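I have placed the structure first, in the form of structure tokens, so that the comments after it can refer back to it.
The model shown is predicted, which means the values in this text are computed figures rather than measured ones. Along the sequence shown, residues are numbered consecutively beginning with 1.
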Amino acid sequence: MTSIIAACDLEVGYGPIPVLHGLELEVNAGEVVALLGPNGSGKTTTLMALAGALSPSRGEVRWKGEVAHLPLYQRTRHGLSIVTEERSVVMSLTARQNLRLARVDPEAVVVDYPELADHLDRKAGLLSGGQQQILTLARALARRPDALLADELSLGLAPQITSRLLTAVRSAADSGMAVLLVEQHVRKALQVADRVYVLRQGRIDWSGTAAQALANQSRIESSYLGGNTSTATTP
């Protein structure tokens, strides 16, 4: 498989204190990789480092086999999309304008995301939280990036919206995209993922296939995720 984005012996922090310690992971074309871990384990820091928003103090990020030096805004021009934990739609613009801002065709988008068809000319700030997140993901995927970094797509959303978003992510990977997914709902993430990394205190504590993770979900949750299963096991 072709590695699209990878962390190699990556150390990243805020100021002098490192958050990630010797991080090693890769995401290949055509797969969904779930990055799991308790709060504060470094998941968002990992995404920000891979995206170019944070600079490593040691190690490197590799993009299609080459060391990545470009900042975030330039990486997005070269085939990277990122969906952050905070919804990134422009609330004062309509859904149609948000899509055009990303240089994608709104009419083509609603073919894949019919939920938006009746709301293209509504301001994003008047959409429901689920509609805003569908718009965010649709805008990211419609650019046909080589890789998507997605941070907590389902945060605060109803289960049916979560399933819709994760189905879209799986379809994107099936079309050849590399996807790194941070997700609070472990079982839902594992149902669409191919491989899994479990991050704890800035280090990879466990890695394997999604099938292996599903077979050992209880042990992984208790050993690596701090036993917090209140949201992790949502079916």
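- The distance from the CD1 atom of I5 to the CG atom of L149 is 5.0 Å, given to the nearest 0.5 Å.
- The environment of CD in Q201 is sparse: at most 12 heavy-atom neighbours from other residues, nucleotides or ligands sit within 6.0 Å.
- S41 and R200 form no side-chain donor-acceptor contact under 3.5 Å, judged by distance and modelled atom types alone.
- Tracing side-chain contacts under 4.5 Å through hydrophobic residues (I, L, V, M, F, W, Y), one reaches I161 starting from L166; they form part of the same cluster.
- The backbone N or O of V192 sits less than 3.5 Å from a side-chain atom of R170, completing a donor-acceptor pair.
- Here R96 pairs with E107, D121 under the salt bridge (Lys or Arg N to Asp or Glu O under 4.0 Å) rule; sequence neighbours left out.
- Inter-residue side-chain proximity for V89 and L127 is flagged as unmet; no heavy-atom pair is nearer than 4.5 Å.
- Heavy-atom minimum distance, L137 versus A168: CD2-CB, 4.0 Å.
- In this structure, CG on L126 lies 10.5 Å from OG1 on T94, to the nearest 0.5 angstrom.
- With contacts defined as side-chain heavy-atom distances shorter than 4.5 Å, the pair T46/L35 qualifies.
- At least one side-chain heavy atom of L141 sits under 4.5 Å from a side-chain heavy atom of M177.
- The closest side-chain donor-acceptor pair between R139 and S81, if any, does not fall under 3.5 angstrom.
- A donor atom on one side chain and an acceptor atom on the other are not found under 3.5 Å apart for H21 and E11.
- Checked by atom type and distance alone, the side chain of Q212 pairs as donor or acceptor with a backbone atom of T209 at under 3.5 Å.
- The cluster map of Ile, Leu, Val, Met, Phe, Trp and Tyr, joined by side-chain heavy atoms under 4.5 Å apart, puts V186 and V33 in different clusters.
- Without hydrogens or angle criteria, D194 side chain to V32 main chain gives a donor-acceptor distance under 3.5 Å.
- Counting heavy atoms from C-beta on, the side chains of R187 and Q217 come closer than 4.5 Å.
- Checking side-chain atoms of S163 against main-chain N and O of Q160 turns up no donor-acceptor pair under 3.5 Å.
- Across every non-hydrogen atom of V83 and A140, the tightest pair is CG2-CB, 3.9 Å.
- The backbone N or O of V104 lies less than 3.5 Å from no partner atom in the side chain of R100, so there is not a single donor-acceptor pair.
- No continuous path of ILVMFWY side-chain contacts below 4.5 Å connects L135 to L93, so the two sit in separate hydrophobic clusters.
- One finds no salt bridge joining K43 and E152 here, because no Lys/Arg side-chain nitrogen approaches an Asp/Glu carboxylate oxygen to under 4.0 Å.
- The heavy-atom pair separating P38 from L199 by the smallest distance is CD-O, 3.4 Å.
- With hydrogens and angles disregarded, a donor-acceptor distance shorter than 3.5 Å links the side chain of Q133 to the backbone of L153.
- In this structure, the side chain of Y197 engages the main chain of E26 through a donor-acceptor pair within 3.5 Å.
- The two residues S88 and T136 come nearest to each other via the heavy atoms OG-CG2, 3.5 Å.
- Note on V61 and Y14: same hydrophobic cluster, where clusters join Ile, Leu, Val, Met, Phe, Trp and Tyr whose side-chain heavy atoms are under 4.5 Å apart, directly or indirectly.
- The distance from the OG atom of S57 to the CD1 atom of I17 is 12.0 Å, given to the nearest 0.5 Å.
- A donor-acceptor contact shorter than 3.5 Å is absent between the side chain of E60 and the backbone of R62.
- No side-chain heavy atom of L23 sits under 4.5 Å from any side-chain heavy atom of R203.
- No donor-acceptor contact under 3.5 angstrom links the side chains of K64 and S3, judged on distance only.
- No option in I82, V12, L72 other than I82 meets the side chain to side chain contact (heavy atoms under 4.5 Å, CB included) test with M48.
- Under the rule for a salt bridge (Lys or Arg N to Asp or Glu O under 4.0 Å), the partners of D9 that lie at least two apart in sequence or sit in another chain are R58.
- Distance check: I4 CD1 to T2 OG1 gives 6.0 Å after rounding to the nearest 0.5 Å.
- Counting heavy atoms of neighbouring residues, nucleotides and ligands inside a 6.0 Å radius, atom CZ of R144 does not exceed 12 of them.
- Going from atom CG of L148 over to atom CG of L80 covers 8.0 Å, rounded to the nearest 0.5 Å.
- Using a 4.5 Å heavy-atom threshold, the side chains of W206 and V196 count as touching.
- Looking at S154 and K188, their side chains never come closer than 4.5 Å, going by heavy atoms from C-beta outward.
- Rounding to the nearest 0.5 angstrom, the gap separating the CE atom in M91 from the CG atom in N98 is 9.0 Å.
- Listed for the R75 side chain is a donor-acceptor partner under 3.5 Å among the backbone atoms of L70.
- Not a single donor-acceptor pair under 3.5 Å links the side chain of E31 to the backbone N or O of V179.
- Side-chain contact between W63 and L50 is absent, with no heavy atoms from C-beta onward closer than 4.5 Å.
- In the hydrophobic cluster analysis, where Ile, Leu, Val, Met, Phe, Trp and Tyr join through side-chain heavy atoms closer than 4.5 angstrom, L190 is grouped apart from L181.
- The minimum heavy-atom distance linking A34 with A193 is given by the pair CB-CB, 4.0 Å.
- Residues A49 and L10 approach most closely at CB-CD2, 3.9 Å, considering heavy atoms.
- Between the side chains of D151 and T84, not a single donor N or O lies within less than 3.5 Å of an accepting N or O.
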